[in-house]
**Q** 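Quick one: structure below, then a few questions.
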Amino acid sequence: MTDEDAGRRVRGDGSGDADGDVPVVVSVDWLAAHREDPDVAVVDVRDAWEFDGIGHVPGAVNVPFDSFRATEHGEAEAGMLPGSRAFADLMSEVGIGNDDRIVAYDDRNGVFAARLLVTAELYGHDPGRLHLLDGDFSAYNLDHETTGEAPDVEPTDYRAAYEERGPLVPLATVEAAVADPGTVIVDTREAWEFEEGHIPGAVRLDWQELVDTETRGLLPEDELRDLLAERGIRPGERVLLYCNTARRISHTYTVLRHLGFPTLAFYEGSLTEWEAEGNTLETA
């Protein structure tokens, strides 16, 4: 399998952007200190009623999860992607520019926010300027001011185009990866789902295992690396991620990017497409 087929080579070492100063996953303190920077766009992906009624990070714009998720599997370019025009219109409406540094958060340990970041990357936003808040709104709210006031938004002319050479790989690549010793296929679903059926040869890594239930953020880096190594997931191999409908893999993908994994593949069709195309499952 070629590098192109296996997934994109991640720019940089994953611990920061081109300048080496901003990690992929940023702390609540970093966000509090930089949320007013002119190139920082803070995005809250919770439902509108939560954004308005419970409060949000000052200056954040609201982009609910359902607004950037296709309504039917197979719509637009692939899987659950919304389509480049729809995504561009959405980003333009909330005032996000192509050069902005996007910091996304939710109230579900980052899994929905990570999906926004992956979607932006697949539509051409520089991955070095895509960041996940460590923890979620609850973590930020513990130590920093929040607000219920709507932000002032100036619409932009955001441009989006599906990135053909991005991390998303098609079914044929996954089928070939089953017999490729240089690729580790990772199932990011829960244990019971994995046991009922998974892509042959896949290893299990529930995305929630990467999260500290007390802090709502990621486990310490040494614990993350130990856990990944225990499952046979190492930076020297190609890592191909899937779940059911490409939501949960977004979080794992973002964490692996943060840890500097150089070659990552993102199977957007996930198990939904795998089964629909008549491929067999392995049970545990």
Side-chain angles (χ1 to χ4, degrees), residues 3-4 6-27 30-31 40-41 43 45 68 81 100-106 108-136 163 165-169 173 183-188 203 205-212 217-229 231-243 246-268 270:
D3 280 348
E4 288 185 11
R8 69 184 289 275
R9 297 213 40 106
V10 179
R11 286 182 241 174
D13 64 0
S15 61
D17 67 356
D19 299 320
D21 58 353
V22 184
V24 173
V25 180
V26 299
S27 69
W30 185 96
L31 179 57
V40 170
V43 183
V45 304
F68 57 90
L81 294 177
D100 281 346
R101 186 183 298 284
I102 297 175
V103 182
Y105 70 88
D106 56 28
R108 298 292 181 89
N109 305 122
V111 67
F112 294 105
R115 177 64 189 186
L116 173 71
L117 301 177
V118 171
T119 302
E121 179 180 349
L122 292 173
Y123 286 129
H125 205 101
D126 180 359
R129 300 186 71 78
L130 296 171
H131 308 275
L132 180 69
L133 180 65
D134 193 17
D136 51 23
E163 182 56 67
R165 294 174 61 86
L168 191 150
V169 295
T173 296
T183 298
V184 55
I185 302 175
V186 180
D187 185 315
T188 63
V203 299
L205 178 72
D206 184 341
W207 75 272
Q208 297 172 98
E209 294 181 83
L210 305 177
V211 175
D212 185 319
L218 298 182
L219 294 172
E221 183 173 331
D222 58 344
E223 293 184 31
L224 287 173
R225 293 189 183 279
D226 287 346
L227 173 60
L228 292 167
R231 304 293 170 85
I233 306 167
R234 300 178 177 84
E237 297 176 297
R238 298 185 179 97
V239 180
L240 195 162
L241 303 161
Y242 78 92
C243 56
R247 174 176 58 85
R248 289 173 279 188
I249 55 176
S250 300
H251 185 274
T252 308
Y253 174 81
T254 301
V255 174
L256 295 182
R257 237 182 20 94
H258 177 68
L259 294 175
F261 277 62
T263 310
L264 301 173
F266 191 97
Y267 180 30
E268 175 71 19
S270 280

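A quick note: this is a predicted structure, and the numbers were derived from the prediction, not measured.
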**Q** Taking the side chain as everything from C-beta on, heavy atoms only, tell me whether Asp187 gets closer than 4.5 Å to Tyr242.
**A** yes

**Q** Can you confirm whether Leu241 sits close enough to Ser250 that some side-chain heavy atom of one is under 4.5 Å from a side-chain heavy atom of the other?
**A** no

**Q** side-chain contact (heavy atoms from CB on, under 4.5 Å) with Leu218: which of Thr254, Leu224, Leu259?
**A** Leu224

**Q** Measure the shortest side-chain to side-chain distance between Val43 and Leu117 over non-hydrogen atoms and say whether it is less than 4.5 angstrom.
**A** no

**Q** Search all heavy atoms of Asn109 against all heavy atoms of His251 and return the closest pair with its distance.
**A** O-NE2, 3.3 Å

**Q** Measure across Gly128 and Arg101 and return the closest heavy-atom pair with its distance rounded to 0.1 Å.
**A** O-NH1, 3.5 Å

**Q** Just to verify, what does Arg234 make a salt bridge (charged side-chain N to carboxylate O under 4.0 Å, His left out) with, not counting sequence neighbours?
**A** none

**Q** Please find the pair of heavy atoms, one from Ala114 and one from Leu132, that lie closest to each other, and give the distance.
**A** N-CD1, 3.9 Å

**Q** Short question: side chain of His125, backbone of Thr119 - any donor-acceptor pair under 3.5 Å?
**A** no

**Q** Do Val255 and Trp207 come close enough that some side-chain heavy atom pair is under 4.5 Å?
**A** no

**Q** Hey, does Tyr253 have a side-chain heavy atom less than 4.5 Å from the side chain of Glu121?
**A** yes

**Q** For Tyr267, what residues pass the ring pair (Phe, Tyr, Trp, His ring centres under 6.0 Å) criterion, not counting sequence neighbours?
**A** none

**Q** Over all heavy atoms of both residues, which pair between Thr188 and Cys243 is shortest? Give the atoms and the distance, please.
**A** OG1-CB, 3.4 Å

**Q** Is any side-chain heavy atom of Leu256 closer than 4.5 Å to a side-chain heavy atom of Val186?
**A** no

**Q** Does Thr252 reach the side chain of Val239, with side-chain heavy atoms less than 4.5 Å apart?
**A** no

**Q** Looking at every non-hydrogen atom in both residues, tell me the closest pair between Ala113 and Asp106 and how far apart they are.
**A** N-OD2, 2.9 Å

**Q** Does Leu130 form a side-chain contact (heavy atoms from CB on, under 4.5 Å) with Arg257? I'd like the steps, not just the answer.
**A** CA-CA 11 Å; Leu130 296 171; Arg257 237 182 20 94; 4.0 Å; yes

**Q** I need the Tyr105 OH to Leu31 CG distance, nearest 0.5 Å.
**A** 8.0 Å

**Q** Got a donor-acceptor contact below 3.5 angstrom from the His131 side chain to the Val26 backbone?
**A** no

**Q** Quick one: list whatever passes side-chain hydrogen bond (donor to acceptor under 3.5 Å, both in side chains) with Gln208, sequence neighbours left out.
**A** Asp206

**Q** Going by the rule salt bridge (charged side-chain N to carboxylate O under 4.0 Å, His left out), which residues pair with Asp134 if we only count those two or more places apart in sequence or in a different chain?
**A** none

**Q** Where do Pro235 and Pro262 come nearest, in terms of heavy atoms and distance?
**A** O-CD, 3.1 Å

**Q** Applying side-chain hydrogen bond (donor to acceptor under 3.5 Å, both in side chains), can you list everything that pairs with Asp136, at least two apart in sequence or on another chain?
**A** Arg216

**Q** Can you name the salt bridge (charged side-chain N to carboxylate O under 4.0 Å, His left out) partners of Glu221, sequence neighbours left out?
**A** Arg225

